[in-house]
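Notes follow once the structure below has been shown.
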Amino acid sequence: MTVKISHTADIQKFFEEAAGFGNDQGSPRLKRIVLRILQDTAKIIEDLEVTDDEFWTAVDYLNRLGGRNEAGLLVAGLGIEHFLDLLQDARDELAGQTGGTPRTIEGPLYVAGAPIAQGETRMDDGSEESVATTMFLEGQVLDLDGKPVAGAIVDLWHANTKGNYSYFDQSQSEYNLRRRIVTDAEGRYRARSIVPSGYGCNPEGPTQECLDQLGRHGQRPAHIHFFISAPGYRHLTTQINLSGDKYLWDDFAYATRDGLVGEIAFREDGARGVSGRYAELEFSFQLQKAADADDEQRSHRPRALQVQGA
Ligand code: MBD
Ligand code: FE
């Protein structure tokens with residue numbers, strides 16, 4: 001028989017005490033959230049008859065998840081980060097703040113402080129020259145009327161041919177495949193880089209361990225991340241997910257969306273001054289007007305910052 005006690009006055013009073021409602025110190029906001037976590041955790045334990053062994057397995061899992069720095073990866077894989085996008089989309093719809101390039105998740109692998117270039121740059125350090133396909137990526141930043149936004153910052157990052165990101169992959173050079181490009185007078189940005197491979201969760205890590213239990217893979221299609229910002233415009237966090245990838249519509253992090261598929265074209269005509277096969281990808285972004293100064297900023301999510309020379 002299922003025993004339930006968490007709804008009783010005694011237990012509710014106990015959780016309120018544990019959440020700090022018996023004192024006037026600390027943060028009322030956090031107290032409210034922690035109380036709800038305690039109440040809902042207790043309900044899950046009761047309703048699903050979670051055993052003590054299951055509970056302590058979960059506690060150990062959280063320790064291992066944090067120890068491997070994978071909390072941000074798990075929330076992406078469980079679709080919570082995508083849910084935040086869907087929730088913001090619904091809020092925007094209600095507020096009439098619509099149009100332009102869709103947002104999609106940032107993911108856990110951004111590093112702040114990438115080198116800044118005017119108009120165009122090269123992103124790769126040449127270390128994969130023998131295995132990578134050179135990619136020419138370009139496009140414009142536009143407003144909702146299709147007018148160019150000059151001086152916008154296109155902050156972009158992507159994986160190498162192994163699906164790994166510099167900084168998190170210590171074998172890569174500092175800021176490899178990470179740049180900020182300031183758009184020119186026509187709102188244009190240009191990058192020479194390499195075609196990225198899709199990302200796969202570490203098969204030995206706690207995120208993949210959970211996904212295995214859910215019968216799911218931990219793969220993402222090849223993709224390129226973007227933060228796009230300009231004075232007077234709403235900050236945009238988005239990605240281009242590459243056409244032709246097996247995982248394009250089977251992304252473990254649910255980031256691929258209509259309007260965010262990049263049609264990558266492979267050529268071999270020598271036109272770009274590279275010998276052999278290379279790729280072209282054109283993708284333009286449309287920004288909404290910012291409602292206020294805060295709208296121009298990305299979220300305050302804690303992010304990695306490369307320490308120069310470290
Ligand atoms: C990635 O490269 C990524 O973009 C996300 C969302 C999760 C894991 C790795
Ligand atoms: Fe990524």
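Every number for a ligand or one of its atoms is a count from 1 in the order of the listing.
Protein heavy atom at the shortest distance from atom 2 (O) of ligand 1 is Tyr165 OH, 2.9 Å. Remark: minimum distance from atom 1 (C) of ligand 1 to any protein heavy atom is reached at Leu109 CD1, 3.7 Å. Among protein heavy atoms, atom 7 (C) of ligand 1 sits closest to Pro108 CD, 3.5 Å. Atom 8 (C) of ligand 1 has as its closest protein heavy atom Leu73 CD1, 3.2 Å.
Using a 4.5 Å cut-off on side-chain heavy atoms (C-beta onward), Lys246 and Gln219 make no contact.
For His223, the heavy-atom gap to ligand 1 drops under 4.0 angstrom. Residue contacts with ligand 1 leave out Glu81, since none of its heavy atoms falls under 4.0 Å from the ligand.
Set against the non-hydrogen atoms of Ile105, the atoms of ligand 1 under 4.0 Å away are 6 (C). Near Gly107, with a cut-off below 4.0 Å to any heavy atom, the atoms of ligand 1 are 6 (C).
For the pair Arg277 and Phe266, the cation-pi criterion (under 6.0 Å, within 45° of the ring axis) is fulfilled.
Considering backbone and side-chain atoms alike, Gln239 places every N or O at 3.5 Å or more from each N or O of ligand 1.
Taking the six-membered ring for Trp and the full ring otherwise, Tyr110 and His225 have centroids separated by 6.0 Å or more. You'll find the ring centres of Trp157 and Tyr175 outside the 6.0 Å limit. If you look at Phe252 and Tyr247, their ring centroids are not closer than 6.0 Å.
With hydrogens and angles disregarded, no donor-acceptor distance shorter than 3.5 Å links the side chain of His158 to the backbone of Ala222. Between the Arg179 side chain and the Arg122 main chain, a donor and an acceptor come within less than 3.5 Å of each other.
In the model, Gln297 has no side-chain atom that pairs as donor or acceptor with a side-chain atom of Asp294 under 3.5 Å.
Environment of CG in Asp258: sparse, with no more than 12 heavy atoms of neighbouring residues, nucleotides or ligands closer than 6.0 Å. Around CZ of Arg64, the count of heavy atoms belonging to other residues, nucleotides or ligands within 6.0 Å exceeds 12.
With a 4.0 Å heavy-atom cut-off, ligand 1 is reached by no atom of Glu106.
Listed by chain and residue number, the protein N/O/S atoms under 2.8 Å of the Fe ion (ligand 2) are Tyr165 OH, His223 NE2, His225 NE2, with waters left out.
We find the NZ-CG distance between Lys289 and Leu144 to be 7.5 Å, quoted to the nearest 0.5 Å.
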